[in-house]
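What follows is one structure encoded as structure tokens, with my remarks underneath.
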Amino acid sequence: MHLCRSCSETLTPIINFGTMPIANYFREHSDPPPATFEMQALVCLGCSLFQLGDQPLPEDMFNGYYPFYTGLSKHMRQHFSSAFESILELNQDKDKDIFIVEIGCNDGTFLENALKNGVRHLGVDPSSNVVEKCQSKGVNAVKGFFGKEMAEKIIQNHGQANYVFAANVICHIPNVNEIFINIGKLLEHDGVFVFEEPYLFSMLELVSFDQLYDEHVFMFSATSVKNIAKLNNLELFDVEKQQTHGGSMRYFVGKIGQHQISRRLEECLNYEDESGVLNLDIYKKFAENCNKKKTELNNLLDSLKNAGKKVAGYAATSKSTTILNFCEIDSNLISFISDSTPDKIGKITPGSGIPIITHEEMIIRKPDYLVLFAWNHQREILSKEDRLVNLGISWIVFVPEVKILD
Ligand code: TMP
């Protein structure tokens with residue numbers, strides 16, 4: 001039996017994806033195999049928080065090295081520049097000396113905007129490679145996990161924060177109440193915690209279950225964030241839908257009574273309520289859809305293999321670990337996956353053992369089909385890689401549905 005990580009109610013099981021390896025454990029053939037865990041998704045029908053049951057040990061997941069740099073994506077650079085602008089818009093007093101803290105700052109793509117605008121800032125990240133990247137750009141960053149000690153140290157050295165920002169980070173942190181409590185301490189009385197995460201209803205609609213992997217322990221909705229905030233003496237006062245990561249939500253949280261509750265939030269909460277966020281039916285349907293997608297993808301790959309076609313993959317994403325392992329796809333069905341991250345080249349994918357090569361080598365090896373694992377960057381990738389279609393390579397997508405693109 002699992003209990004909700006926020007409100008402690010008993011969780012209701014939705015789907016078991018089976019044994020999963022650590023999603024980001026891209027390894028050499030000779031390295032030891034990845035740690036595994038049973039990946040079961042459950043929902044709390046008390047507060048609506050959708051979550052994984054078990055997780056691997058933190059030391060198996062985070063080894064101080066994070067293989068992805070946000071700034072590699074032009075689209076994400078633009079996204080974070082506009083996220084920074086919208087945070088500045090929250091500030092009414094333009095002469096105020098504001099201080100922004102980013103939790104999980106990665107390579108400083110968001111905070112570079114603070115640097116350019118002369119805004120006091122500090123990034124926090126547990127991985128030394130990304131913190132070094134920040135520092136090389138002049139972005140202030142410290143290595144470490146964000147918790148009570150870090151919050152106190154920041155207050156001592158820099159004072160309280162006007163804004164705390166986090167993108168695709170809070171869903172990684174299992175002790176969500178503690179995070180909210182410590183952010184509450186770090187924030188000024190009228191400060192705002194702005195964070196964005198893949199949105200539960202986007203995952204349900206798109207059947208994008210690959211959003212779930214060892215690190216992504218939560219899939220938030222406005223309803224669940226409202227409940228978590230309330231439990232920890234904070235208040236959700238606004239939300240804003242985002243296109244990133246196949247449908248995300250940006251949440252605005254402040255101290256109770258400090259900010260007007262937006263109409264947008266009320267509409268979003270009504271939508272979630274009417275859609276049945278606290279009703280088991282939508283989750284049962286999701287589980288059915290996940291199994292259906294597995295069958296469809298396997299059928300397509302099998303038929304292409306039987307027809308003698310060479311199928312490869314594009315982008316060895318963390319998400320691909322879930323789809324490959326749940327659908328039991330290995331190098332018999334997908335010969336290799338190409339990727340732009342130098343550290344992944346020459347390695348194999350976790351569990352499924354598919355070799356990773358550069359995009360340049362992929363073109364030389366010229367597959368007939370490429371499965372797009374970075375489907376959340378579909379528009380950017382399809383436009384920058386239009387040469388592939390001219391080479392006779394066709395794209396296979398599986399979000400929202402399994403199909404070969406025209
Ligand atoms: P992630 O989804 O786990 O962050 O991983 C994204 C991976 O996708 C990363 O290894 C780089 C790769 N990638 C490409 O190869 N080409 C691209 O255009 C993009 C956006 C990502």
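All ligand and atom numbering here is 1-based and tracks the order in the structure. Along the sequence shown, residues are numbered consecutively beginning with 1. Every heavy atom of this structure was used, including side-chain atoms; hydrogens, water molecules and symmetry mates were not.
Neither the backbone nor the side chain of E380 comes within contact range of ligand 1; no heavy atom lies under 4.0 Å. The proximity of I381 to ligand 1, defined as any non-hydrogen pair under 4.0 Å, is limited to the side chain. Contact annotation for H75 and ligand 1: no heavy atom of the residue comes within less than 4.0 Å of the ligand.
Contact check on D238 versus R264 returns a salt bridge, with a Lys/Arg side-chain nitrogen under 4.0 Å from an Asp/Glu carboxylate oxygen. With salt bridges taken as basic N to acidic carboxylate O contacts below 4.0 Å, none links R250 and E197.
Close contacts between ligand 1 and T341 involve ligand atoms 9 (C), 10 (O), 11 (C) [criterion: under 4.0 Å to a heavy atom]. Contact atoms of ligand 1 toward K319: 2 (O) (distance under 4.0 Å to a heavy atom of the residue).
For ligand 1, the polar-atom distance check against N376 finds no nitrogen or oxygen pair separated by under 3.5 Å. For ligand 1, the polar-atom distance check finds an N/O of D339 within less than 3.5 Å of one of the ligand's N/O atoms. Geometrically, ligand 1 and T317 share no nitrogen or oxygen pair separated by less than 3.5 Å. For S318, a nitrogen or oxygen atom sits less than 3.5 Å from a nitrogen or oxygen atom of ligand 1, counting backbone and side chain alike. At least one N or O atom of H359, backbone or side chain, sits closer than 3.5 Å to an N or O atom of ligand 1.
Figure legend: K344 and F26 shown as a cation-pi pair, the cationic atom lying under 6.0 angstrom from the six-membered ring centre and within 45 degrees of its axis.
Residue contacts with ligand 1 include K384, since one or more of its heavy atoms lies under 4.0 Å from the ligand.
When ring centroids are compared, H259 and F252 stay outside the 6.0 Å threshold.
Using cut-offs of 30° and 60° for the angle between ring planes, the F218 and F220 rings count as tilted.
The shortest distance between side-chain heavy atoms of W395 and Q378 does not fall below 4.5 Å. Side-chain atoms of M76 and H377, non-hydrogen and from C-beta on, do get closer than 4.5 Å to each other.
When Y251, F165, F237, F180 are each tested for a ring-ring contact (aromatic ring centres under 6.0 Å, His included) with F193, only one passes: F180.
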